[in-house]
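To keep things clear, I will list the structure first and then write my remarks on it.
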Amino acid sequence: MTDTLDHPFSPSEIESPCYTRWEELGLFQPQSGSEAYCIMLPPPNVTGTLHMGHAFQDTLMDILTRVQRMRGKETLWQPGTDHAGIATQMLVERQLVQEGIDRHQLGRTAFLEKVWQWRHESGGHITRQMRRLGASCDWSRERFTLDSGLSQAVTEVFVQLHDEGLIYRGKRLVNWDPTLRTAVSDLEVISEEEQGSLWHIRYPLSDGSDSLVVATTRPETLLGDVAVAVHPNDPRYAALIGKTLRLPIMERDIPIIADDYVDPEFGSGCVKITPAHDFNDYQVGQRHHLPQLNVFTPDARIRDKLEIFGGENISDQIPAALSGLDRFAARKKVLALLEAQGLLVQTDDHKLMVPRGDRSQAVIEPFLTDQWYVKVGPLAEPAIRAVEEGRIRFVPENWNKTYFDWMHRIEDWCISRQLWWGHQIPAWYGPDGHIFVARHEDEAQSAAARHYGMPVVLERDPDVLDTWFSSALWPFTTLGWPEKTPDLARFYPTSVLVTGFDIIFFWVARMIMMGLRFMGDVPFHEVYVHGLVRDAEGQKMSKSKGNVLDPIDLIDGISLEDLVAKRTRGLMQPQMAAKIEKATRKEFAEGIPAFGTDALRFTFAALATQGRDIKFDLKRVEGNRNFCNKLWNASRFALMQTPDPQMLEGACEYLAPERWIMGRLQHCETVVNMAFDQYRFADAAHALYQFFWNDYCDWYIELAKPILREDSSFTSAQQCGTRNTLLRVLETGLRLLHPVMPFITEVLWQRVAPMIGKGADTIALTRYPEAKPQEIDVVANADSEWLIAVIRAVRSVRGEMDIPPKKPLPLLLQGGGSQDRSRAEQYASWLFALARLASIHWLSETEEAPPAALQLHGDLRILVPLAGVIDVRAEQGRLAKEQQRLESDRGKTLSKLNQESFRSRAPAAVVAKEEERLREIDAAIEQLVEQAARLEQL
RNA sequence: GGGCGGUUAGCUCAGUUGGUAGAGCGUCGGCUUUACACGCCGAAUGUCGGGGGUUCGAGCCCCUCACCGCCCACCA
């Protein structure tokens, strides 16, 4: 350890050994304490890698966890990973495609083996990365959503909800992803405006007497039209309602119906109705008891024959020219056919919202299928109340509005996915399609035997559950549910959920619903909603944009070439590579230096303000790396002080600077504790930075130096007090900082603590500092602030007058009161040392001062004689500027005081304050004017 | 169409009950002061998006406009 501190701060040397030791010591397992504190890690994708969003979020959770652990609570940060159904399956499928294998050839069992294999190969990566971040999760409790325990819990929940009628199977129009060939939920569909066309198509009346023109963006769905709707009050079409049209191409008669849904202003005021391929049309179809005609196969090609639901005597024929065509080819073909018949009236450019799958980017198709649904109404109601009644609190508060908005309009949740990777739905079908939902096959078999009166062959539903279904159960399944475990009793409800606003609907709302239903209580008391990490320009970080930063690269550093390679490898659009390379070379000409984990973590804390977007700037990390270095070197200074035998005996004397820095420490402790309690991480980081750098390093260490100098006139008891304070304040400060910067604080603390007779296996289990008001010494604070102000005044003259820092200056003091005199005497040693003085002389009020630069502190005049060192012109300019500033302040203050209404209505204290200010300004101006006059005479 | 954010120093952002505008980075000047040049000392910088209102007093409260961004929504 001695060696480590001999050379500059080097994060890579201290971090890994430190973490390994923590883990070996089992520090992160809950240690029994008065109160429980628990955070659930939002489980990342098991095969994923850590990105900036994770690193940010994990840092915040770790800070909270470490603070509470140090406060003596029984603290659990529960880790785990998610099987991430679609994402993982897609990835493995893509790997197989590269080997020339289709998953369907492989079969379900063999495919799942491949996925499990992949999970075992790349599974530990993200958790290893979290360790690099210093995350103090209890890894011994790590869970995976497809663990047998969690899987059983998922089945249990499914069965119970089904038994209560809250899960049902139904044929509905769903969001269908034709490339993944699965249903997806509303939330997994991203609609974006794209350029398209609006085609106007003529539909002749069946009797040939007239025709209508309908406008559509999707002409290929014409094959499934079952009606044309007009607004009931639209005079243009009133006479036609009830008549029938001859559907082009299909040569089928369809009715003209009236429905409010139609906007007469849009297009022609006539809407073709295709209930099987449009959500609105589906509703219209329901209202008018229209059949549903499906024209697509699951991969969105035109079927050979229509699939007909609810219709009678409808021909299922589809022209051979169309069948088998992909939907986009079919669109062209349909248009061509219409054109040929002269029925394509007009084509307009049209912007429309195109729905795409968030994973596949494929255009989502409204598609009629059988799916499983959660009836959310009965679950949503108590979930809304929980937030209304304050049993769950969003921080910042305004997110509850977003939550309520969604919860009040929530629709049934489609939970089945036509995938293989996931929790297979615990439902079996009898020969006649009768459904048996059961905990396992045996249970289903016996139920079936009872139902049919004899054993039958059952077929299990091949579908799996939406990944978010198991995630919704995370806060209690990880603690052992459905068993009634001590962990559940101890840690549920958890304390806080830390999450981004992007998954309030996906996850937060669903956890609340499920938690209330199955645990009878909220899953967490608070939801801290943080912003989303973006790049320096405010762009979302994404592989395709090539602006991704890897948190591990910020910790370890990365060369420019490696970074370019990393960013341009495996792009979906390889043509972007050149552009990305250019931008990367420009932004990171030198690559990225190794900043270390502590610097990165501190940066995240400092960026965690209440805003929605967090623009990530490398410069901030660099500055905080410097902060680490500063802390490191300050510690080296403190540790250089050879321990004094007296020190531990309490025989020390504490001078004003000692008592002042103790007070500053109390102040910092107050601010930091309050900030963490309110999730104001940036405030805490700021207070810590300012305390260590400005108070401790810039002032206290400098004030300590004159005391500790070998030739100093301070007593050994005073020197002892200084050494003790240097170390005591540092030791406490390190504990205060530890949750944010766990590594450097641990290493330094292990060196510092023994110097003052403390010691422990780890700083992580020491007591978190709390402010002790009795440690604040008002007199010492006032004295020290006076001292600092006078030193600053002299330094300011030196700086502005370009006096070399080394040149000792004679200092003249004039005016002031008896307190100024006694302070000047008492703190002379520090004035001499820190302001580099040659001498201090007091001038009486009547004595004429020599030409000098003037600084004011209250009514104390601080004079630095010009003799040979100061340019008179420069000083005159400085005085004039100062006077100008004061005059402007004076004007503002005076006009305020001259207002009768201010005097009569403002609180007396405020008026008095203004009056005091005016007196001070007047006095200062008077001094400046006099001084200027004196200089003028030279 | 509905909702929610944002607009403060060159840049990124703080600013918690209304009472003389702050930080970091950057900029400028000066420094081998024995912890630290990843440093030290000093300095400059703002009609707090526009307009109106409430108030003795507004960056903060109310109204309005502009611009930027996000979320939700069934206009074919």
Side-chain angles (χ1 to χ4, degrees), chain A residues 5 8-9 186 191 198-199 214-218 221 229 261-263 265-274 278-284 350 352-353 366 396 398-399 401-402 405-406 409 501-502 504-505 531-532 536 538 593 595 599 603 606-607 609-620 622-640 674 678 680 682-683 686 689-690 697-698 701-702 705 791-792 795-806 833-834 836 889 892-893 896 899-907 909-911 913-914 917:
Chain A
L5 276 166
F9 169 60
D186 299 351
S191 288
L198 186 64
W199 288 278
V214 303
T216 180
T217 55
R218 300 210 52 201
T221 64
Y261 154 67
V262 179
D263 174 4
E265 304 294 313
F266 188 91
S268 58
C270 304
V271 187
K272 64 192 229 26
I273 301 298
T274 322
D278 182 282
F279 289 101
N280 290 313
D281 293 6
Y282 183 83
Q283 302 286 336
V284 176
H350 182 68
L352 72 163
M353 299 296 278
N398 59 291
W399 286 111
K401 205 156 187 171
T402 308
D405 264 9
W406 190 64
R409 287 175 306 141
F501 54 81
D502 51 336
I504 289 180
F505 306 144
L532 268 26
F595 294 122
T603 306
L607 290 174
T609 54
Q610 310 294 73
R612 288 185 177 196
D613 290 340
I614 292 151
K615 288 188 205 172
F616 193 86
D617 185 354
L618 268 196
K619 280 286 183 193
R620 290 295 288 269
E622 188 185 326
N624 294 325
R625 186 270 318 263
N626 296 351
F627 177 56
C628 292
N629 188 245
K630 187 80 181 169
L631 182 63
W632 183 265
N633 286 303
S635 303
R636 287 175 58 199
F637 177 80
L639 288 166
M640 265 167 33
M674 264 174 55
Q678 295 168 38
R680 302 187 70 104
D683 288 0
H686 182 248
Y689 188 96
Q690 126 94 35
C697 294
D698 288 349
I701 286 183
E702 295 308 318
K705 282 176 182 175
I791 292 168
R792 282 207 163 119
R795 283 175 174 176
S796 176
V797 169
R798 199 188 280 276
E800 288 193 61
M801 296 299 122
D802 275 344
I803 303 168
K806 277 174 98 170
L834 272 68
R836 291 250 156 182
D889 281 359
K892 274 185 243 171
T893 308
K896 207 182 258 187
Q899 257 178 296
E900 178 48 36
S901 52
F902 174 69
R903 288 182 174 282
S904 57
R905 301 223 187 178
V910 173
V911 176
K913 207 170 143 193
E914 289 296 317
R917 179 181 303 151

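We name chains A, B, ... by the order of the sequence lines, and we start the count at 1 in each one.
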Which protein N or O atoms sit under 3.5 Å from an N or O of nucleotides 55-58 of chain B?
unit_1, atom_1, unit_2, atom_2, d
B:C56, OP1, A:R905, NE, 3.0
B:C56, OP1, A:R905, NH1, 2.1
B:C56, O4', A:S901, O, 3.2

Give me, pair by pair, the N or O atoms of the protein and of nucleotides 32-35 of chain B that are less than 3.5 Å apart, along with how far apart they are.
unit_1, atom_1, unit_2, atom_2, d
B:A35, OP1, A:K705, NZ, 3.3
B:A35, O2', A:N633, OD1, 3.2
B:A35, N7, A:K705, NZ, 3.4
B:A35, N6, A:C697, O, 3.3
B:A35, N6, A:E702, OE2, 3.3
B:A35, N3, A:N633, O, 3.3
B:A35, N3, A:A634, N, 3.2

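For the OP1/OP2 pair of B:A76 and a distance below 4.0 Å, the side-chain nitrogens and oxygens of A:T216 include no atom meeting the criterion. Of the side-chain N and O atoms in A:N626, one or more sit less than 4.0 angstrom from OP1 or OP2 of B:G39.
When atom types are taken as modelled, the side chain of A:R409 and the backbone of A:D405 share a donor-acceptor pair closer than 3.5 angstrom.
Under the 4.0 Å criterion applied to side-chain N and carboxylate O atoms, A:E900 and A:R903 are not assigned as salt-bridge partners.
Note on A:F279: nothing from the nucleic acid sits closer than 4.0 angstrom, heavy atoms only. Contacts of A:R795 with the nucleic acid, taken as non-hydrogen atoms under 4.0 Å apart, involve only primed sugar atoms and P, OP1 or OP2. Among the atoms of the strands shown, only primed sugar atoms or phosphate atoms (P, OP1, OP2) are found under 4.0 Å from some heavy atom of A:R409. Contacts of A:V214 with the nucleic acid, taken as non-hydrogen atoms under 4.0 Å apart, are absent. Residue contacts for A:T402: at a heavy-atom cut-off of 4.0 Å it reaches no nucleic acid atom on any strand shown. Residue contacts for A:G531: at a heavy-atom cut-off of 4.0 Å it reaches no nucleic acid atom on any strand shown. Here A:D263 lies in heavy-atom contact (under 4.0 Å) with a base.
Residue A:R620 places no side-chain atom within donor-acceptor reach of the base of B:C25, judged by atom type and a 3.5 Å distance cut-off alone.
Where A:H686 and A:I791 meet RNA chain B, the nucleotide closest to each residue was compared, and A:H686 sits on the side nearer the 5' end.
The nearest pair of heavy atoms linking A:A634 to A:C697 is CB-SG, 3.6 Å.
B:U12 and B:A23 make up a base pair, with Watson-Crick or G-U wobble contacts both under 3.5 Å.
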